[in-house]
Amino acid sequence: MGDGSALLRGLNPEQYAAVTLPAEAALILAGAGSGKTRVLTTRIAWLLQTSQVSIGGVMAVTFTNKAAKEMLTRLSAMLPVNVRGMWIGTFHGLCNRFLRAHWKQAGLPQSFQILDAGDTLSAVKRVIKALKLDEERFVPKQVNWFIAGAKENGQRPKDVPVHDGQTQTMVEIYQAYEDQCQREGVVDFAELMLRTYELMRDDAALREHYRRRFRHILVDEFQDTNRLQYAWLKMFAAPDASVLAVGDDDQSIYAFRGAQVGNMADFEREFRVKQVIKLERNYRSFGNILDSANHLIGHNSRRLGKTLRTEAGPGEPVRVQENASDFSEAQWILEEAQQLHRSGVARKEIALLYRSNAQSRVIESALFNAGIPYRVYGGLRFFERAEVKHALAYLRLIENCNDDTSYLRVVNFPTRGIGARTLEQLQDAARQTGRSLWQSVGAVGGKGGANLVAFNGLIDGMRNATLGLTLREIIEHMLERSGLIDFYRTEKEGADRIENLEELVNAAEAFVTQEGFGKDAVALPVDEFGPGQLSDGAAAGLPNAVAAVDLTPDAETGEIMSPLAAFLTHAALEAGDNQAQAGQDAIQLMTVHSAKGLEFDAVFITGLEEGLFPHENAMSDADGLEEERRLMYVAITRARQRLYLSFCQTRMLHGQTRYNVKSRFFDELPESALKWLTPRNQGFGSGFAREYQQAWERGSGLNSVVGAGRNNGWQPPAPPPVPAAMVAAQAKASGHGLKVGQGVFHNKFGEGVVITLEGTGEDARAQVRFGRHGPKWLALSIAKLTLVD
DNA sequence: CTGGCTACCGTTTTT
DNA sequence: CGGTAGCCAG
C-alpha cells in the first residue's frame, strides 16, 4: 500500500520513533502539548498504510467521546479509511460494542439499556427502599460509590470481604441491586466494563479470538486507567501483544475516582516494555510558562521524570496578581480580559480556570453585569435535562417495558391519577413476585389499578403505532401521545423545554444520518481478519463519517439493533454538550479538571489560595497534595502565550468571609519567570482590613482600594458590606492588639491570618489560618505571635 | 397533587 | 450564601 513516508513528514525524532515502533509493547510518556494525539493517529495510519495491520486488527481506546471523535476525524483526514469498521472508541463504548455482539454469552437481553449516573442513583435508592433500610445509615450516594468501587476492583457481591455488619448490609444491597438490574435488563457504566472483562476472562475461545484479532492496541491517557480497565486491557492483549500505552503521570488528576497511576509502572513491567519514549518537546507554550510548569512539578516525588522544553523562546512573563477580595479579583479579571480582547485576542481564546465550581459565581456575575459574553462548562448536559430524560424514559419503555426506572419516572408524568399509594402497592406486588412493575399492574385494584392498566395500554399503543416508522416519527408520535408536549405548552417555563424536546428530534435525526441508518445502510461484517485492505468507506457515501455508537451485529445472527435501541444507547453513552451558544465568541469558564486537554492563548488561574488550591480536603496526605500540584501543572500548561495567576486576601465561601493566605504553589514557581502586577506583601489581611474599613467609611467601596486606576468606565453595582466578622473584630480587639484579618507570624507555623478571636486577658485565644499547617487555635498568653503588616 | 417551607450541605467527574 | 431534597399543609 505504500511505505507511509508521507505520513511521517514533520515528526520530531521522538515522535517519529513512537510512530514507527516495532510491533511490541511500548510506553509513551507524552508531556502536555507534545503532539500526543498526532502520534496516536499517525501510528494507526502508518500501520495501516504499510499493511502491517488491517482495519479490523486495530483497537484504540480513549476515555472521552471527544477524544475518540478527534482520533477518528484526524485519521480519516489522513487516509481514505472506513473508520466505522475500526474499534476506536471509549472504554465504555467498546464494551457496549462487545456486549451487543455477545449479549447471549454475557447473560444480557439483546436490547439491554445503559443507566447513566442519575439512573444508577435512583436504581440504588429503589433497592434501599425495597430492602426497607434506613437511608440515613445507607446513604444512596455512598452505597452507589461502594458498588461502583467493588465493580472497579472486579468484585461481585460474593467477592467483597466483609468485616462488619455495615459492610454485610452493603453487600446485600449490592446483590439486590444486581438482581434488580438483571431483571430490568439494564447495566450501569461499571457493569459494561466488568461484564466484558468477565466474559473475556471466562471464555477462552472468545478471548483467543479477540487476542488474535487485535494485533495493535493503543491506549490514550493511560495514567487515568483504573484497576478494572487495566485488567480489561490484559484480557484483550496477549502478553506479547503490540500495546502502545500513551500517558503522562504528571497529568494524573483522577486518582480520586479510582485512577491508578501505578498502572503505568505495572504496564512497563508486566508487558516487558523495551522502549519508553518521552515526548518532551512542547509545541504549545512559551518558555516562561513551561519553566513555571517544570519547576512546580519538580516538587513532586514518585515521578517517572520528564521536562518540557520549547524552541519558542521565553515569551511573556507569568503575571501574578494579588486581590483584596474575590469580588475585586473578578473585576480585575474582567478588565484584563477586556484589554486582551481589545488588543486582538479572541474571547474564546481566553480561559478563566478555577479549582471548584463555586468560584465561578462571582466571576460570572461580574461578566454578566459588564455584558461580556462568556460560556461556563460543566452544567447540565443535554441528555440529562429533566424533560429530555422524561422523553427518553417513554422511548425506553417502548423498547423494553420491564425497565422499572423508566416506568417510575413517567408513569405519572404528566399526571394521570397514579399516586404514591398506588405505586407503593405496585412495587410491593412486583417485589413479592420478582416481576417488573409493568408485569404487576394486575395486582393493584381500584381506580389506581385501572389507571396503571391504562398507562400500560398507552405504551403498548405507542409501540404498535410506531412499528415501521422512522426514528424521527417514533419520537414525534411519543411526544404527542405521552402528553409531554401538551404538558409543557401550558407550563410557564415550558417554552425552553419544548425547544429541547424538538432538539431531541433533531439529535435523533442527526444520529440516524451519521450512523447510516438510511435505506442504504448495510450491517457491518462482524469481524475482519483479511489482510490490510483499506476500506471503501469514502466511496460508500460515508465521507469522514464519524461514528459515536456503532451498529455491531449479534455475533451469531448478525442482527443489529433497532434505530431506537441504538439511539437510546447513544444517549446514555454520550450525554451531549453541556452548554449551547457554542458558536459565539465567548470567554471560557471552567474548572481546572475540565480544562485538561484544552489550550488557550491566555489563561487565568484564579483563587490560588491555601485551602482552595491546593484544596483543604486534599491536603491530609502527601498523595492528595501531589495530585493538587499535578492539577496546577495541568492548569499552567493550558496557556499558549499569556498566563495569569491570581489570589485573594478574602473570599466569600459558604456565606462566610474567609481570610486566605496565598497558595504554597507560588513558592514553587521560578521567581525569574514571574512578574508581580501588585506590590508583594509580606503579610495579608490586616492592611487590607484597615483600608477596606476606611474606604467603606468614605463610601467609596472596595474597588477604590484595590482597583485604583484600572477602572475602564466600569461602575460597581453597590459597595459590598463590610464582612461581619471584621466588624465584630473591631469590638473584640483588646489587650493583645489582634484583630480578625490581622497577619501574624509564628515561629513554628509560619505566616498566618487571624480568623477568630475569643476570650480576654489570660484566656484570650485566637484561631489562626496558617499556610501549610491549616487553621490552629492558639492561647495568646503562650503563643508568640509577631504582627506582620 | 402542588407549592411552599425547612433542613442540610458545600472539591474535582467521564462514561 | 444559594441550591436542592424531602416533607407537610392546603
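Atom set for the values below is all heavy atoms of this structure, side chains included, hydrogens, waters and symmetry mates excluded. It should be emphasised that the depicted structure is a prediction, and the values quoted were computed from it without experimental measurement. Each chain gets a letter, A, B and so on, in the order its sequence line appears, and its residues count up from 1.
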Tell me: NZ of A:K125 to P of C:dA5, nearest whole Å? 7 Å
Rounded to whole angstrom, note down the C1' distance from C:dG3 over to B:dT14. 23 Å
Looking at A:F383, does the NZ or CZ of A:R385 lie under 6.0 angstrom from its six-membered ring centre and within 45 degrees of the ring axis? no
Output all residues satisfying salt bridge (Lys or Arg N to Asp or Glu O under 4.0 Å) with A:R227, sequence neighbours left out; order by chain, then residue number. none
When we call it a touch if two heavy atoms are under 4.0 Å apart, what does A:L94 touch: a base, just sugar-phosphate, or nothing? nothing
Tell me which pairs pass side-chain hydrogen bond (donor to acceptor under 3.5 Å, both in side chains) where either residue lies in residues 411-425 of chain A, with sequence neighbours left out. A:Y394-A:R416
Can you check whether A:N357 has a side-chain N or O nearer than 4.0 Å to OP1 or OP2 of B:dT11? no
Kindly indicate, with the supporting measurements, whether the criterion side chain to side chain donor-acceptor pair (under 3.5 Å) is fulfilled by A:E387 and A:Y488. CA-CA 9 Å; A:E387 63 276 19; A:Y488 289 123; 4.9 Å; no
Step through the shown structure and confirm whether more than 12 heavy atoms of other residues, nucleotides or ligands are within 6.0 Å of CZ on A:F368. no
Does B:dT15 have OP1 or OP2 under 4.0 Å away from a side-chain N or O of A:R381? yes
Go through the structure and list residues passing salt bridge (Lys or Arg N to Asp or Glu O under 4.0 Å) with A:D250, not counting sequence neighbours. A:R303, A:K306
Atom CZ of A:F256 and atom C1' of B:dT13 are separated, to the nearest Å, by 5 Å
For A:H92 and B:dT15, are the ring centres under 5.5 Å apart with planes inclined under 30°? no
Is the shortest side-chain N/O distance from A:R257 to OP1 or OP2 of B:dT15 below 4.0 Å? no
Show which side-chain atoms of residues 134-141 of chain A pair as donor or acceptor with protein atoms under 3.5 Å away, not counting sequence neighbours.
| unit_1 | atom_1 | unit_2 | atom_2 | d |
| --- | --- | --- | --- | --- |
| A:D134 | OD1 | A:E136 | N | 3.0 |
| A:R137 | NE | A:Q166 | OE1 | 3.3 |
| A:R137 | NH2 | A:Q166 | OE1 | 3.0 |

Output the rounded distance in Å from CG (A:D188) to P (B:dT13). 21 Å
Please enumerate all residues that pass salt bridge (Lys or Arg N to Asp or Glu O under 4.0 Å) together with A:E191, with sequence neighbours excluded. A:K151, A:R156, A:R195
Strictly under 3.5 Å: I want the nitrogen or oxygen pairs between protein and nucleotides 5-10 of chain B, one per line.
| unit_1 | atom_1 | unit_2 | atom_2 | d |
| --- | --- | --- | --- | --- |
| B:dG10 | N3 | A:H654 | ND1 | 3.0 |

B:dT13 versus C:dT4 - spacing of their P atoms, nearest Å: 16 Å
Only counting residues at least two apart or in another chain, list the ones meeting salt bridge (Lys or Arg N to Asp or Glu O under 4.0 Å) with A:E364. none
Nearest-Å distance for atom pair CD1/P, residues A:I418 and B:dT2: 13 Å
Can you label the angle between the A:W87 ring and the A:F236 ring as parallel, tilted or perpendicular, going by 30° and 60°? tilted
Let me know the distance between CZ of A:F91 and P of B:dT15, rounded to the nearest Å. 13 Å
When rounded to whole Å, the CD to P distance for the pair A:E152 and B:dT14 reads 15 Å
Hey, does A:F63 reach any base, or is it just sugar-phosphate, or nothing, if we go heavy atoms under 4.0 Å? sugar-phosphate
Could you say whether A:F487 or A:R355 is positioned toward the 5' end of DNA chain B, judged by the nucleotide with the nearest heavy atom to each? A:F487
Ranking C:dG2, B:dT12, B:dT14 by distance to the side chain of A:R361, first place goes to C:dG2
List in numerical order all residues of residues 622-638 of chain A for which some heavy atom is under 4.0 Å away from an atom belonging to DNA chain B. none
Write down the distance between CD (A:E221) and P (B:dT15), rounded to a whole number of angstrom. 12 Å
N/O (side chain, A:N412) to phosphate O (OP1/OP2, B:dC1) under 4.0 Å: yes
Mapping A:T415 and A:K66 to their closest nucleotides on DNA chain B, which lands nearer the 5' end? A:T415
note: A:E384, atom CD; B:dT13, atom P; distance rounded to Å ~ 12 Å
From B:dT15, B:dT13, C:dC1, pick the nucleotide closest to the side chain of A:M652? C:dC1
Residue pairs meeting ring pair (Phe, Tyr, Trp, His ring centres under 6.0 Å), one or both in residues 613-634 of chain A, sequence neighbours left out, come to A:F613-A:F665
